[in-house]
Q: 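Sharing a structure below in C-alpha cells format, with a few things to ask.
Values below: all heavy atoms of this structure, side chains included; hydrogens, waters and symmetry mates excluded. So you know, we letter chains A, B, ... as the sequences are listed, proteins then strands, and number each from 1.
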Amino acid sequence: MDLLRGLNEKQREAAEHDKGPILVIAGAGTGKTRVLTHRIAHLIQTGKAKPWEILSITFTNKAAKEMKERIGQLIDYDIDKMWIGTFHSVCVKILRRDIDRLGYDKNFVIYDTDDQKILIKDCIKELNLDTKKYNANAIRSIISSEKNKQNTADKFISENYGNFAMRNIGEVYSLYEKKLKICNALDFDDLIEKTVKLLQTNEDILEKYHEKFKYILVDEYQDTNNVQYKLVKILGKKKNGENNVFVVGDEDQSIYGWRGADISNILDFEKDFEEAKVIKLEKNYRSTNVILDAANGVIRNNYQRKGKNLYTDYECGSLIKLVETDNEKEEAFMVSALMSKEHRKNNVKYSEMAILYRTNAQSRALEESLMREGIPYKIVGGLKFYNRKEIKDIIAYLMLIQNQKDNISFNRIINVPRRKIGPKTVETISEHAMRTEVSMFESSYDVEELSLSQGAINSVQNFVSMMEMLMIKKDVMSLSEFIESVYEDTGYKAMLLEDDTVEGRSRVDNIDEFLSAAKDFEERYLENSLEDFLAHIALLSDVDKADEEKDAENTSDYVTLLTVHSAKGLEFDTVFVTGLEERMFPIIRDDDDDDDLEEERRLFYVAVTRAKRMLYLTYANDRLVFGNHEMRSRSRFIGEIPTECFDNSSPQTIADKKIKHLEENIASHNNEINSFSFNQARKMNIFKGGLENKEKAPTLKCDKMSVGDKIMHKAWGIGTIVQLSGEGDDQKAVIAFDNKGIKTVMLSYAPIEKL
DNA sequence: CGATACGTCCTTTTT
DNA sequence: GGACGTATCG
C-alpha cells in the first residue's frame with residue numbers, strides 16, 4: 001500500500017522528509033496528525049528506522065494514544081516498542097532507569113500542584129516568614145519558572161540578593177528543593193529538568209539514547225518551554241552531525257506562555273537547527289470558509305507570527321451567530337436553548353457540540369442551565385476526580401508504600417482514619433526526623449525513644465506494622481487486589497461505611513470507581529506495577545481523565561464543557577464560545593502588556609477554529625464576579641471578525657421577540673403563578689414552548705415527591721430519590737440513577753416524572 | 001479535644 | 001461564591 005497516497009502535496013513533502021531537521025508549520029485543522037503518523041509509518045515501512053528507534057513527543061496522553069492507534073492502522077509492526085508519549089511520561093521512563101546517578105532513588109514519586117503547595121507552605125512556616133505576605137501559590141509559580149530556566153535556588157538567591165522579599169523567596173525555593181529530595185519526590189518541572197541534567201552530566205547515558213533514537217518527532221512545538229527545548233536539542237543534535245528532528249507546530253496556537261512556553265522556540269527554529277527545511281500547511285480540512293475567514297481576520301492583528309492564511313474548498317458555510325445577553329444566567333439559558341434546538345432541528349449529536357469558556361468558574365451557570373433543560377453534559381477539568389479527598393487519601397497510602405520517604409503522604413494519612421495519633425505526636429516524629437535527617441516514616445521506627453505517652457507509642461507502632469504488612473502484600477498481589485487490600489486493611493473502608501449520609505455513600509462510590517480504574521489499568525497495560533500506575537494517574541491531563549470516564553460509562557452522547565486551553569487539538573461540529581467580554585476574554589489584568597494580549601488573541605483563534613460547521617459567540621452585558629455585578633462591554637475580538645461572517649438575523653432577536661410576546665401573555669392570563677419568579681418561569685419552559693410550540697409547561701412537582709419515589713428523567717432514565725432539600729422552587733433532590741450514578745437536580749426544573 | 005462558625009483570600013489558563 | 005485556615009464553642 002502506498003502510504004503517502006491521499007496526502008496533499010505539502011503534506012506529502014513533509015511526510016517523505018528523511019534526514020535533517022524540519023519544521024512543519026501546521027495551521028489548525030490542516031492535518032498535522034496525519035502527517036506525523038504517515039511519516040512514522042513511512043520511515044518504518046521503508047526500513048529507515050525500526051519501531052524502537054523512534055521517539056515521538058506529544059503534549060497530552062490523548063494525542064499519544066491517538067497517534068499510536070492511527071499508526072497501527074497504517075502498518076503492522078510492534079507499535080508498543082515505539083516511544084510515543086508526553087514530555088513528562090518520556091522523562092519518567094528515562095529517569096526510572098538512571099536517576100540514581102543524580103542521587104535519587106529509582107522509586108521516586110511525583111508531586112502534583114497540591115502537594116507542592118503544601119510543601120511550600122511548610123517551608124514558609126519553617127523560615128518564619130509572614131504567611132500573609134508570602135503567597136504559596138505565587139512562590140510556586142516563581143519556582144516553576146526558575147526551574148524551567150534551569151536556574152538553581154542558589155543562583156536565584158545571588159541574583160536577587162539586594163531584594164529582601166525576593167531573597168526570601170529564594171530561601172523558600174532552596175528549602176523546598178531540600179524537602180523534595182528528602183521525600184524522594186519530583187514535581188512536574190523536575191521531571192523534565194532532571195532528565196536534561198542527567199543527560200548533560202552523564203556522557204554515557206546520553207550516548208545510549210543518541211544511539212537508540214534515530215528519529216525524533218515533536219508535536220505542538222510552539223508550546224515547548226526552555227527545558228523542553230533543551231531536551232529536544234540535546235537528544236536531537238548528535239556528535240556525528242546527525243540531527244533528525246521533526247517538529248510540528250503553529251505559532252498562532254501558542255497559548256502556554258504563562259507556564260514558560262517560549263514562542264521564539266518555533267519562530268527561531270531555523271536559527272537553532274541550521275539548514276532546517278520549513279513547510280507550511282495552510283489547507284484546512286476541518287472548518288467552513290466562514291469560520292476560517294473569521295479566524296484569519298482575528299489572527300491577522302498579531303505581530304508575533306510567521307504569517308499564514310488558512311483556506312478551504314468548503315465554500316458554503318453557515319454564518320456565525322452572535323448572541324447578546326443581559327447576564328450570565330441568560331447567556332447560559334440561551335446556550336442550552338440553542339443547543340437543544342440544534343439537536344432537534346438539525347440532528348446534531350450532543351457529542352458533536354461543545355461549550356468553551358476562558359475560566360473554569362464560568363462553567364457553573366452553564367451547568368445549571370443544561371441540567372434544567374435535560375441536556376446531558378460532561379465537564380472537563382474543574383472538579384477533578386483524582387482531587388477528591390477520599391481518592392487522594394488512598395493515593396497517599398499507595399505513594400507512601402511505594403516510597404517511604406514521602407512525608408507529604410505520611411502527614412496526609414497518618415491519622416486518617418483516626419488512630420489516635422494527634423498533631424503533637426506527629427510534631428514529635430517530625431522533629432526527630434529533621435534532627436536525624438531521615439524521613440518521618442523511618443523515624444516512626446524509633447518512636448519508643450521519643451518522649452511520648454505509651455498510648456501514642458502503641459498507636460504509631462500499630463500503624464507501622466500495618467504498613468509493613470501492606471508493603472509485603474504489594475509484591476505478591478495484583479495491582480487491583482492490592483489496592484483493595486489497602487482500602488480495607490487501613491480501616492479506610494470501615495470509616496467510609498460508617499458514614500451513612502449521601503456524601504458518605506458517594507465517597508464509597510468514588511472509591512469503587514477508582515478501584516475499577518485500577519483494574520482497567522492492570523488489564524490494559526503490560527507495565528502495570530504500582531509505580532507505573534501512580535505515574536500514570538499523576539500525569540493524566542484533564543482531557544485524558546474526561547476521556548477515561550467516558551469510556552468507563554459507555555455512554556457517548558454528551559455535550560462537552562471545557563476551557564479553551566483544554567479544547568486545543570479537539571474539534572466539534574457546533575461550538576459555543578461564551579463570555580466574550582472585555583476583561584473576561586481577553587482576560588487582561590492591570591499589568592497587561594501587548595504580549596499578553598497577543599496570547600489572548602491566539603487563544604480566541606484556537607477557540608474559533610475548533611468549530612467545523614457552526615459557531616456561536618455569546619456575551620453578557622452584566623456578569624456576576626465574586627458575587628457582585630460588573631458591567632462588561634463586548635470583547636474586542638468580536639470586532640476583529642469581518643462583519644460579513646455574521647448572521648444578521650442573530651438568534652437573540654427572534655428569541656427576544658418570542659419571549660416578550662409570551663411574557664405579555666403570561667402577565668395577563670397567569671397571575672396565579674406566584675411561587676415562581678417571573679424569570680424562572682420564563683426560563684423553565686415558556687421559551688422552549690414558544691420556539692417549538694410543542695412541549696407544555698410542566699406542573700409543579702415539588703410537593704409531590706418524597707424520598708424513595710421512583711422517577712423517570714428525560715436524559716438519565718430511571719432513578720430513586722434518596723434525599724430532598726430546600727423549599728418551593730428551590731427544592732433539590734438527590735437521585736440515584738440506575739445507570740448514571742448519583743445526581744443532584746432542581747426539582748422544579750428537572751425533566752423528571754414520578755413513576 | 002474535636003466539631004463548627006466565621007473571616008480571608010482568591011482565579012486565568014495546566015503538565 | 002467557595003475553599004481554606006483560624007477562632008470559638010460544646
Q: Holding to salt bridge (charged side-chain N to carboxylate O under 4.0 Å, His left out), I want the full list of residues that pass it with Asp112(A), two or more places apart in sequence or in another chain.
A: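 Counting only residues at least two positions away or on another chain, Asp112(A) forms a salt bridge (charged side-chain N to carboxylate O under 4.0 Å, His left out) with Lys392(A).
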Q: Side-chain N or O of Thr113(A) less than 4.0 angstrom from OP1 or OP2 on dT15(B)?
A: no
Q: Taking only residues two or more places apart in sequence or in another chain, which ones pass side-chain contact (heavy atoms from CB on, under 4.5 Å) with Thr60(A)?
A: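 Once residues adjacent in sequence are excluded, the partners of Thr60(A) under the side-chain contact (heavy atoms from CB on, under 4.5 Å) criterion are Lys62(A), Ala63(A), Ser541(A), Asp544(A).
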Q: Taking only residues two or more places apart in sequence, or in another chain, which ones meet Ser369(A) in a side chain to side chain donor-acceptor pair (under 3.5 Å)?
A: Ser336(A)
Q: Just to verify, what does Ala261(A) make a side-chain contact (heavy atoms from CB on, under 4.5 Å) with, not counting sequence neighbours?
A: Tyr256(A)
Q: Could you give all pairs that pass the salt bridge (Lys or Arg N to Asp or Glu O under 4.0 Å) test and reach residues 251-263 of chain A, with sequence neighbours left out?
A: Asp252(A)-Arg305(A), Asp252(A)-Lys308(A)
Q: Which residues pass the salt bridge (charged side-chain N to carboxylate O under 4.0 Å, His left out) test with Lys181(A), not counting sequence neighbours?
A: none
Q: Quick one: side-chain contact (heavy atoms from CB on, under 4.5 Å) partners of Ala361(A), sequence neighbours excluded?
A: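 With sequence neighbours excluded, Ala361(A) shows a side-chain contact (heavy atoms from CB on, under 4.5 Å) to Thr359(A), given in chain and number order.
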Q: Nearest whole angstrom, please: distance from the C1' of dT15(B) to the NZ of Lys147(A).
A: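 Spelled out: NZ on Lys147(A) to C1' on dT15(B) is 14 Å.
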Q: Nearest-Å distance, CD (Glu599(A)) to C1' (dT14(B))?
A: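 The answer, rounded to whole Å, is 12 Å.
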Q: Rounded to whole angstroms, how far apart are CG on Leu540(A) and P on dT15(B)?
A: 9 Å
Q: Extract from the structure each pairing of a protein N or O with an N or O of nucleotides 2-12 of chain B at less than 3.5 Å, listing the distance.
A:
{"residue": "dT11(B)", "atom": "O3'", "partner": "Arg589(A)", "partner atom": "NH2", "Å": "2.7"}
{"residue": "dT12(B)", "atom": "OP1", "partner": "Arg589(A)", "partner atom": "NH1", "Å": "2.6"}
{"residue": "dT12(B)", "atom": "OP1", "partner": "Arg589(A)", "partner atom": "NH2", "Å": "2.9"}
{"residue": "dT12(B)", "atom": "OP2", "partner": "Arg589(A)", "partner atom": "NH1", "Å": "2.7"}
{"residue": "dT12(B)", "atom": "OP2", "partner": "Arg589(A)", "partner atom": "NH2", "Å": "3.4"}
{"residue": "dT12(B)", "atom": "O2", "partner": "Arg358(A)", "partner atom": "NH1", "Å": "2.4"}
{"residue": "dT12(B)", "atom": "O2", "partner": "Arg358(A)", "partner atom": "NH2", "Å": "2.4"}

Q: Identify each atom pair where a protein N or O and an N or O of nucleotides 5-7 of chain C are less than 3.5 Å apart, giving names and distance.
A:
{"residue": "dG5(C)", "atom": "OP1", "partner": "Lys121(A)", "partner atom": "NZ", "Å": "3.4"}

Q: How long is the span from the CG atom in Asn107(A) to the CD atom in Gln402(A), to the nearest 0.5 Å?
A: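 Here the interatomic distance stands at 5.5 Å.
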